[in-house]
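Heads up, the thing below is written out as structure tokens.
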Amino acid sequence: MQIRRVSIADLAAFPGIGGGDLLGDGAVVASPVVLVDLDDAGGVTEDDLDRAAARAAASDVILVGTSTGPVGLALGPLLEALDLTYAPAGTDHRSVVAADDVDASITAFIDAVSRCPQASLVAAQVVRAAEPLDPVPAIDIESLAYSTLQGGDEFGRWLEVRRAKGRPLPPPAVDPVLLDREGDTLRITLNRPERRNAYGTALRDALVDALRLAVLDDSIDHVVIDGAGGSFCAGGDLDEFGHMPDSSTAHLIRTRGGAGRLVSVLADRVEVRLHGHCVGAGIEIPAFAGRVVAAPDTLIRLPEVSMGLIPGAGGTVSVPRRIGRWRALHLFITGAEIDAEQALDWGLVDEIPGVGPVPR
């Protein structure tokens, strides 16, 4: 995989810099990432900066800003247009991922893209396209892209390895969700602790039914969602992956039968209490809620791109709306794990008991 490094002036000057070399022979993704050096910003004119930002906004590739020091806020329009930027701590801009070692972070990002370039590019395209939309059409875009990737070679390879392990479908869940009504509060507890509350078909359908109660019953003023056992939710049940009858049905279930859309509708009334591992859907759905409280042991990860997919439970919509599409893309592509304090600092969660909320 070829990686180009360009200056801000280069980006401003050449219309093709954003993606002319994206596809190689046989439509193989040859050059999906271009690094933009932000260290030489001192000689850049305002017109150059405007042109560079316009080129970046129209790019076909993933544009990653790099800096060896804190980035001046004068570069704000360009930072907004790039897909993300790695820089040392000290830049107060939500597009920047602070890194103790910028070179190591860039290497990790590029390595992740090289393993699944198609899924990485689609993730970048989706978060850009969904950014200005309301949640419902944005969720539709995510799901259509997810369906596309399900037919791709990257997911096919992952699924082949998974099926080679010979794991059977999990047994039917008994009471996958527990409900408790006290006054105007409905408590919904994910109840598959033996599988770390994996978001399988039965749990999803039961959660959706519970949320519909709150939609239909105006006397429910407060919905609390938590999870039984040591983790809130370990994400999609991997043993169920690839068992949908067809992509069209799967798309309709994800969008019209998924929990994320309902949580977004009920957001002002929903509080989610996280603990332990919150993987994939285990953070994608909570991020739609109006209030997310994380126990100190909370660990968050979004691994779908490494499987040749993108987040499919609404995460390309919910997570960027909390932390910005730039840091969200970093989490999606690298699969990096963050703890409760990092999530609180970025705004992915609202409070850690004993720590409190971060003033915003």
Side-chain angles (χ1 to χ4, degrees), residues 1-6 17-19 21-39 56 59-68 71 79 82-89 95-128 145-146 149 152-162 235 238 277 279-280 283 299-312 315-316 319-320 323-339 342 346:
M1 189 176 76
Q2 302 172 3
I3 303 297
R4 297 185 65 182
R5 183 181 288 270
V6 301
I17 203 76
D21 300 324
L22 173 62
L23 298 178
D25 294 340
V28 173
V29 178
S31 184
V33 178
V34 172
L35 303 179
V36 181
D37 189 347
L38 304 178
D39 284 334
S59 175
D60 292 328
V61 299
I62 301 171
L63 289 177
V64 179
T66 72
S67 179
T68 59
V71 183
L79 297 178
L82 296 174
D83 289 295
L84 75 160
T85 294
Y86 288 107
S95 69
V96 175
V97 178
D100 294 331
D101 186 330
V102 172
D103 288 339
S105 295
I106 292 169
T107 297
F109 184 88
I110 291 172
D111 286 347
V113 173
S114 69
R115 289 190 290 272
C116 289
Q118 293 175 342
S120 298
L121 283 164
V122 169
Q125 293 165 356
V126 168
V127 295
R128 281 180 174 270
Y146 190 98
L149 291 169
D153 180 62
E154 293 170 0
F155 176 64
R157 292 197 306 268
W158 179 87
L159 189 59
E160 183 179 2
V161 171
R162 183 76 189 180
L238 300 184
H277 291 280
V279 181
I283 187 59
L299 295 171
I300 293 169
R301 186 165 59 90
L302 291 137
E304 292 91 343
V305 168
S306 69
M307 300 157 58
L309 299 170
I310 59 173
T316 65
V319 175
I323 68 174
R325 63 175 173 84
W326 309 270
R327 289 169 175 168
L329 189 64
H330 160 74
L331 294 180
F332 298 160
I333 289 181
T334 66
E337 185 175 81
I338 62 172
D339 60 17
Q342 182 68 76
W346 281 1

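Bear in mind that the values here come from a model prediction, so they are computed numbers and not experimental data.
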For the residue pair [X] and [Y], establish whether any side-chain heavy-atom pair is separated by less than 4.5 Å.
X: F155; Y: L149; result: no
X: S67; Y: V102; result: no
X: S31; Y: V61; result: no
X: P32; Y: Q118; result: no

Hey, could you give me the [atom1]/[atom2] distance between [X] and [Y], rounded to the nearest 0.5 Å?
X: E337; Y: H277; atom1: CD; atom2: NE2; value: 6.5 Å
X: L331; Y: E304; atom1: CG; atom2: CD; value: 11.0 Å
X: R325; Y: L84; atom1: CZ; atom2: CG; value: 9.5 Å
X: H330; Y: S95; atom1: NE2; atom2: OG; value: 13.0 Å
X: L329; Y: D83; atom1: CG; atom2: CG; value: 6.0 Å
X: I106; Y: D101; atom1: CD1; atom2: CG; value: 9.0 Å

Start with the C-alpha distance between V113 and I333, add both sets of side-chain angles, then the distance that settles side-chain contact (heavy atoms from CB on, under 4.5 Å), and finish with yes or no. CA-CA 7 Å; V113 173; I333 289 181; 3.7 Å; yes
Mind listing the closest non-hydrogen atom pair of [X] and [Y] along with its distance?
X: A123; Y: V305; answer: CB-CG2, 4.2 Å
X: F332; Y: P320; answer: CZ-CD, 4.4 Å
X: P303; Y: G280; answer: CD-N, 4.1 Å
X: G308; Y: A119; answer: C-CB, 3.6 Å
X: P117; Y: S114; answer: CD-O, 3.5 Å

Output yes when a side-chain donor or acceptor of D39 lies under 3.5 Å from a complementary backbone atom of T68, and no otherwise.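 Yes, D39 side chain to T68 backbone: donor-acceptor pair under 3.5 Å.
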Derivation and outcome, side-chain contact (heavy atoms from CB on, under 4.5 Å), residues T66 and Y86: CA-CA 5 Å; T66 72; Y86 288 107; 5.5 Å; no
Please walk me through it: do W326 and T85 pass side-chain contact (heavy atoms from CB on, under 4.5 Å)? CA-CA 8 Å; W326 309 270; T85 294; over 6 Å; no
Please report the C-alpha distance between R115 and D111 in whole Å, then the side-chain angles of each, then the deciding distance to 0.1 Å, and finally whether the salt bridge (charged side-chain N to carboxylate O under 4.0 Å, His left out) criterion is met. CA-CA 6 Å; R115 289 190 290 272; D111 286 347; 5.2 Å; no
Testing I62, T334, I310 one by one against S120 for a side-chain contact (heavy atoms from CB on, under 4.5 Å), which residue passes?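 With S120 as partner, side-chain contact (heavy atoms from CB on, under 4.5 Å) holds for just one option, I62.
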Test side-chain contact (heavy atoms from CB on, under 4.5 Å) on W158 and L309; report intermediate values, then the result. CA-CA 10 Å; W158 179 87; L309 299 170; over 6 Å; no
